[in-house]
Amino acid sequence: MVKEIVEKNGKDLQDVCAITIVGNTCMQHIYAGINPTTLVEIPYMPTKYGSFTMPAKGIIDGLNEDATIYFIPVIAGFIGADTVAAVLATRFHEKDDYTLLLDIGTNGEMAMGTKDRFVVCSTASGPAFEGAKIVCGMRGAPGAIDHVWMEADELKFSTIDNKEAEGICGSGLIDFCRVLLDTGVIMPSGRFERKYEGSLLSRITTIEGTKAFMLTDKVYVTQKDIREVQLAKGAIAAGIEIMAEVLGITYDDIKEVIIAGAFGNYMDPDSTCRIGLIPSELRQKIVPVGNAAGEGSKLCLLSRDEYEKCEYIANKAEFVELASHEKFQDKFIAQLDF
């Protein structure tokens, strides 16, 4: 990747003197050669928190002899440097008004608050929205169904790069659930409606003993897949609710909802609110910003001041451990229905 970037810009590998790295805590530990064992044992804490540097020599071949890799600090076991970089890039840590920052990737990392006080938490949303636990799921790559909608009683969908449909990604899953809710194919509980007799009836079938909905001849979504979406969206919604309670605010107090990551660029805010992933009260406040972690990493590469701000962000953030929070289980269950 480094070679590709260098060649694209008409430079030589020997020209490279500095590199910034951001990633989730586990990936960053492994890349830096830090023992990640503490991340898989309770209480799942990082071995190393703060920013640090190491020589690039021996890690990335062909660079300048004195090239240095700059690592951005992490916040917790499941809240990594990518979240810190996203906070930096969006200037979340400088905002006067209450803001919600969501980065729904491998983990659903979230931050809420103002420049005076903000809290962060994380939920395991990746398996659903990155396709890992979805039968025909895939990441947002060419051929992934990224949007689904109804047009004159007929189901329509689009794919990334207009390629033949090979699977369905997170944004497509969210749209899909919205369409099935709106048409009555599934109930708010997420279960297929047995008495459904509408225009989509011919697409409902049974595969290996479970109900499924055919999007194409080879791409389908099962009842179990819908349950996975409910688990992911329920955890995120519960996390948002708990952060607001910790700060002592209501959704009316939140002025902006920043959606970071590639997923944020693809997802339809109406669908996201319709299935309850984000509270409907926040619909008009949603702003997708794309790869904020990458932008934050670039800021750190170009400015030592920006790099040093990351240490402030990581220390300022108040980590809320959802799994052990006394209200999480109840709120999570309450948020499972669409």
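This chain uses plain numbering: 1 for the first residue, then up along the sequence.
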### Message
Donor-acceptor pair, distance only, cut-off 3.5 Å: does the side chain of Arg274 make one with the backbone of Arg178?
### Response
no

#### Entry: Cationic N near anionic O, under 4.0 Å, Lys224 to Glu228
yes

#### Entry: N/O donor-acceptor pair under 3.5 Å between Asp161 side chain and Gly143 backbone
no

### Task
With rounding to the nearest 0.5 Å, note down the distance linking OH in Tyr98 to CD in Glu256.
15.5 Å

### Query
Do the charged groups of Glu166 and Lys218 touch, with an N to O distance under 4.0 Å?
no

### Task
Would you mind reporting whether Leu88 and Cys300 have side-chain heavy atoms less than 4.5 Å apart?
yes

### Within 6.0 angstrom of Asp217 CG, more than 12 heavy atoms from elsewhere
no

### Message
Taking Lys163's backbone N and O only, do any of them form a donor-acceptor pair with Thr159's side chain (distance below 3.5 Å, no angle check)?
### Response
yes

### Task
Test the Lys309-Tyr307 pair against the cation-pi criterion, namely NZ or CZ under 6.0 angstrom from the six-membered ring centroid and within 45° of the ring axis.
no

### Task
Output yes when a side-chain donor or acceptor of Asn315 lies under 3.5 Å from a complementary backbone atom of Glu311, and no otherwise.
yes

### Task
Keeping the roles fixed (side chain from Glu318, backbone from Val120), state whether a donor-acceptor pair exists under 3.5 Å.
no

### Task
Decide yes or no for Val22 and Val84: does some side-chain heavy atom of the first lie under 4.5 Å from some side-chain heavy atom of the second?
no

### Query
Does atom CE of Met27 have more than 12 heavy-atom neighbours from other groups under 6.0 Å away?
no

### Query
Are Met150 and Tyr196 connected, step by step, through hydrophobic side chains (Ile, Leu, Val, Met, Phe, Trp, Tyr) whose heavy atoms are closer than 4.5 Å?
yes

### Query
Does the Lys233 side chain pair with the main chain of Gln335, one donor and one acceptor, at a distance under 3.5 Å?
yes

### Query
Taking atom types as modelled and ignoring hydrogens, do the side chains of Thr47 and Thr38 form a donor-acceptor contact shorter than 3.5 angstrom?
yes

### Summary
Tightest non-hydrogen contact, residues Gly276 and Ala237, listed as O-CB, 3.4 Å

### Message
On a heavy-atom basis, which atom in Ala89 and which in Glu295 lie closest, and how many Å separate them?
### Response
CB-CB, 3.9 Å

### Query
What distance do Glu241 atom CD and Glu245 atom CD have between them, rounded to the nearest 0.5 Å?
5.5 Å

### Task
Treat each ILVMFWY residue as a node, draw an edge where side-chain heavy atoms are under 4.5 Å apart, and state whether Ile21 and Val6 are in one component.
yes

### Query
Just wondering, do Ile242 and Lys331 contact through their side chains at under 4.5 Å, heavy atoms?
yes

### Query
Where the side chain of Thr25 meets the backbone of Ala76, is there a donor-acceptor pair that is under 3.5 Å apart?
yes

### Summary
CG (Asn24) and CD1 (Ile30) are apart, to the nearest 0.5 Å, by 8.5 Å

### Query
Any side-chain donor paired with an acceptor under 3.5 Å for Asp175 and Ser271?
yes

### Query
Counting only N and O atoms by type, is there a donor-acceptor contact under 3.5 Å from the side chain of Asn64 to the main-chain atoms of Val16?
no

### Message
Hydrophobic clusters here meaning ILVMFWY residues chained together by side-chain heavy-atom distances under 4.5 Å, can you tell me if Val221 and Leu181 are in one?
### Response
yes

### Task
Using a cut-off of 6.0 Å, state whether more than 12 heavy atoms not belonging to Ile42 lie near its atom CD1.
no

#### Entry: Phe118 and Phe92 aromatic ring geometry - parallel, tilted or perpendicular at 30°/60° bounds
perpendicular

#### Entry: Gln28 side chain vs Gly23 backbone, donor-acceptor pair below 3.5 Å
yes

### Message
Main chain of Val87, side chain of Thr90: is a donor-acceptor contact present, judged purely on distance under 3.5 Å?
### Response
yes

### Message
Is it the case that the side chains of Ser171 and Asp268 hold a donor-acceptor pair, with the cut-off being a distance below 3.5 Å and no angle test?
### Response
no

### Query
What heavy-atom pair brings Asn291 and Gly294 nearest, and what distance separates the two atoms?
OD1-N, 2.9 Å

### Task
Verify the cluster assignment for Val287 and Leu102: are they in a single hydrophobic cluster under the rule of side-chain heavy atoms below 4.5 Å apart?
no

### Query
Parallel, tilted or perpendicular: which describes the rings of Phe71 and Tyr31, with under 30° parallel and over 60° perpendicular?
tilted

### Task
Would you tell me whether Ser297 and Thr20 have side-chain atoms, one donor and one acceptor, within less than 3.5 Å of each other?
yes

### Message
Please report the interatomic distance CG(Leu63) to CG(Leu13), rounded to the nearest 0.5 Å.
### Response
6.0 Å

### Query
With ring centroids as reference points, do Phe176 and Phe157 lie under 6.0 angstrom apart?
no

### Message
I'd like to know if Ile226 and Ile168 are part of one continuous hydrophobic network [Ile/Leu/Val/Met/Phe/Trp/Tyr, side-chain heavy atoms within less than 4.5 Å].
### Response
yes

### Message
For a 4.5 angstrom cut-off between non-hydrogen side-chain atoms, does Ile19 reach Ile60?
### Response
yes

#### Entry: Phe332 to Leu231 - nearest heavy-atom pair and separation
CE1-O, 3.3 Å

### Task
Mind listing the closest non-hydrogen atom pair of Gln230 and Arg227 along with its distance?
OE1-NH1, 2.8 Å

### Message
Looking at Lys11 and Glu4, is any side-chain nitrogen of the basic one under 4.0 Å from a carboxylate oxygen of the acidic one?
### Response
no

### Message
Between the side chains of Arg304 and Glu306, is the shortest nitrogen-to-carboxylate-oxygen separation below 4.0 Å, so that they form an ion pair?
### Response
no

### Task
Go through the side-chain N and O atoms of Asp305 and Ser303 and say whether any donor and acceptor fall under 3.5 Å apart.
no

#### Entry: side chain to side chain donor-acceptor pair (under 3.5 Å) evaluation trace for Thr83 with Glu109
CA-CA 7 Å; Thr83 301; Glu109 293 147 332; 3.2 Å; yes

### Task
Check Tyr220 against Val135 and note the closest heavy-atom contact, atom names and distance.
OH-CG1, 3.5 Å

